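Please read the structure below before turning to the comments.
We use all heavy atoms of the structure for the numbers below, so side chains are in, but hydrogens, waters and symmetry mates are not. Keep in mind it's a predicted model, so treat the numbers as computed, not measured. We're numbering straight along the sequence, starting at 1.
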Amino acid sequence: MSQSYKVIFENNRKWVESKIADNPDFFHDLAKTQHPDYLYIGCSDSRATAEELMGAKPGEVFVHRNIANVVNTLDMSSTAVIQYAVEYLRVKHIIVCGHYNCGGVKAAMTPEDLGLLNPWLRTIRDVYRLHQTELDAIEDEGKRYDRLVELNVQEQCINVVKMACVQERYILEEFPVVHGWVFDLRTGKIIDLEIDFEKILKDIQKIYNLTSSDWVMSRKK
């Protein structure tokens, strides 16, 4: 067994000791239940960990991560996470967070057969297709990829808004609100793309509306 692997358990032991020293009931309270206000959907990249960059404590953020922070409505993993977070955890905010220098975004734009990754990364290629005029006008390749990262976040936010559970709860409670972020690895800062959630909801409602007024009224009762 490698020394680096053993270090993980030593670090865990020290972490447990430090938590108990600060609060003897920390793990007793932690084991009861969770009531996070935030669902964070981010990239699996090892450099962009949700809780650390947000400064969040255990129990404060419900997290789902995959390659290039994609929300594909045919992906049972991400859709199950979102539905659970919305209907059972009652989160108030859903955050889709990408990051600059994303390997998944770059791989999606590489003319190469990547096997099982192809259908997953095709979602990002579709983002490029939707915004091709804007992206092709950016001559600097690095800036073009940065912009694609931002646009990918925007489109994944729209995919979240398309989900019935998100629409239904928002109509009733005005929550959850969907946010688009980018984590800048070069500065360590989170950038809020300030996506207008309500405007997106209204713009796509005619096409993606999955709610029934009768259903909504019955829920209110």
Side-chain angles (χ1 to χ4, degrees), residues 8 34-109 114 116-117 119-128 130-131 142 145-163 165-166 169-170 175-197 200:
I8 293 174
Q34 59 173 329
H35 298 287
D37 283 338
Y38 302 94
L39 165 61
Y40 175 99
I41 301 170
C43 182
S44 296
D45 193 297
S46 62
R47 300 166 296 176
T49 57
E51 295 89 346
E52 186 170 4
L53 66 91
M54 293 174 68
K57 299 175 183 177
E60 293 182 342
V61 186
F62 196 58
V63 178
H64 176 76
R65 297 171 67 185
N66 60 45
I67 294 174
N69 44 274
V70 167
V71 178
N72 186 326
T73 52
L74 296 178
D75 171 35
M76 291 298 293
S77 180
S78 61
T79 53
V81 166
I82 293 170
Q83 184 163 347
Y84 184 80
V86 170
E87 294 187 356
Y88 296 96
L89 297 181
R90 317 295 287 179
V91 297
K92 294 183 178 180
H93 303 274
I94 299 176
I95 299 160
V96 179
C97 185
H99 66 94
Y100 295 137
N101 198 29
C102 178
V105 171
K106 288 187 175 181
M109 300 315 302
L114 298 172
L116 292 175
L117 284 172
W120 184 264
L121 298 177
R122 191 175 297 126
T123 302
I124 304 170
R125 291 180 183 271
D126 290 339
V127 173
Y128 199 111
L130 289 170
H131 300 276
Y145 277 125
D146 282 355
R147 183 57 180 151
L148 180 54
V149 166
E150 296 169 354
L151 291 170
N152 182 51
V153 167
Q154 176 180 301
E155 293 298 329
Q156 305 318 315
C157 285
I158 293 174
N159 286 341
V160 172
V161 176
K162 291 176 184 177
M163 294 185 61
C165 62
V166 175
R169 186 171 168 227
Y170 186 79
F175 286 109
V177 178
V178 180
H179 309 271
W181 293 358
V182 172
F183 175 54
D184 190 344
L185 291 166
R186 298 163 295 205
T187 66
K189 295 181 178 179
I190 298 172
I191 300 168
D192 189 343
L193 298 179
E194 299 182 356
I195 293 173
D196 192 333
F197 170 74
I200 289 175

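In terms of heavy-atom proximity, V153 sits nearest to G98 at CG2-N, 3.4 Å. Listed here is the closest heavy atom pair of I124 and G104: CD1-O, 3.9 Å. Of all the heavy atoms in C43 and A68, the pair that sits closest is SG-N, 3.5 Å. Across all their heavy atoms, F183 and A48 have their closest contact at CD2-CB, 4.0 Å. Shortest non-hydrogen contact noted between I67 and V70 is O-CG2, 3.7 Å. Taking every heavy atom of both residues into account, I95 and M54 meet most closely at CD1-CE, 4.1 Å.
With sequence neighbours excluded, the residues that form a side-chain hydrogen bond (donor to acceptor under 3.5 Å, both in side chains) with D146 are R186.
Counting only residues at least two apart or in different chains, side-chain hydrogen bond (donor to acceptor under 3.5 Å, both in side chains) contacts with residues 35-45 comprise D45-R47. Listed by first then second residue, pairs satisfying salt bridge (charged side-chain N to carboxylate O under 4.0 Å, His left out) with a partner in residues 91-103 number zero, not counting sequence neighbours.
A heavy-atom distance below 4.5 Å is not found between the side chains of Y170 and V178. Looking at heavy atoms from C-beta onward, I158 lies in side-chain contact with K162 at the 4.5 angstrom threshold. The shortest distance between side-chain heavy atoms of Q154 and I195 falls below 4.5 Å. Using a 4.5 Å heavy-atom cutoff, the side chains of Y84 and H64 are not in contact. Proximity of V177 to F175: side-chain heavy atoms (C-beta onward) are separated by under 4.5 Å at one or more points. I41 places none of its side-chain heavy atoms less than 4.5 Å from the side chain of S78.
When only modelled atom types and interatomic distance are considered, E150 and Y100 share a side-chain donor-acceptor pair under 3.5 Å. Neither side chain, N152 nor E155, offers a donor N or O lying under 3.5 Å from an acceptor on the other.
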Check the pair D75 / W120 against side chain to side chain contact (heavy atoms under 4.5 Å, CB included), numbers first and verdict last. CA-CA 9 Å; D75 171 35; W120 184 264; 3.7 Å; yes

Any chance you could lay out the side chain to side chain contact (heavy atoms under 4.5 Å, CB included) test for T49 and R65, step after step, and finish with the verdict? CA-CA 9 Å; T49 57; R65 297 171 67 185; 4.0 Å; yes

Between I82 and V71, does the side chain to side chain contact (heavy atoms under 4.5 Å, CB included) criterion hold? Intermediate values first, please. CA-CA 10 Å; I82 293 170; V71 178; 3.9 Å; yes

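The CG atom of L151 sits 9.5 Å away from the CG atom of L130 when rounded to the nearest 0.5 Å. Taken to the nearest 0.5 Å, the CD1 atom of I190 stands 10.0 Å off from the OG1 atom of T187. Note that CG of N72 is 5.0 Å distant from CG of L74, once rounded to the nearest 0.5 Å. In this structure, N101 CG and L185 CG are separated by 6.5 Å, a value rounded to the nearest 0.5 Å. In this structure, I191 CD1 and K189 NZ are separated by 9.0 Å, a value rounded to the nearest 0.5 Å. Atom SG of C165 and atom CD of E87 lie 5.5 Å apart (nearest 0.5 Å).
In this structure a side-chain-to-backbone donor-acceptor pair under 3.5 Å is present from R169 to R90.
The aromatic rings of H93 and H179 sit tilted relative to each other, their planes meeting at an angle between 30° and 60°.
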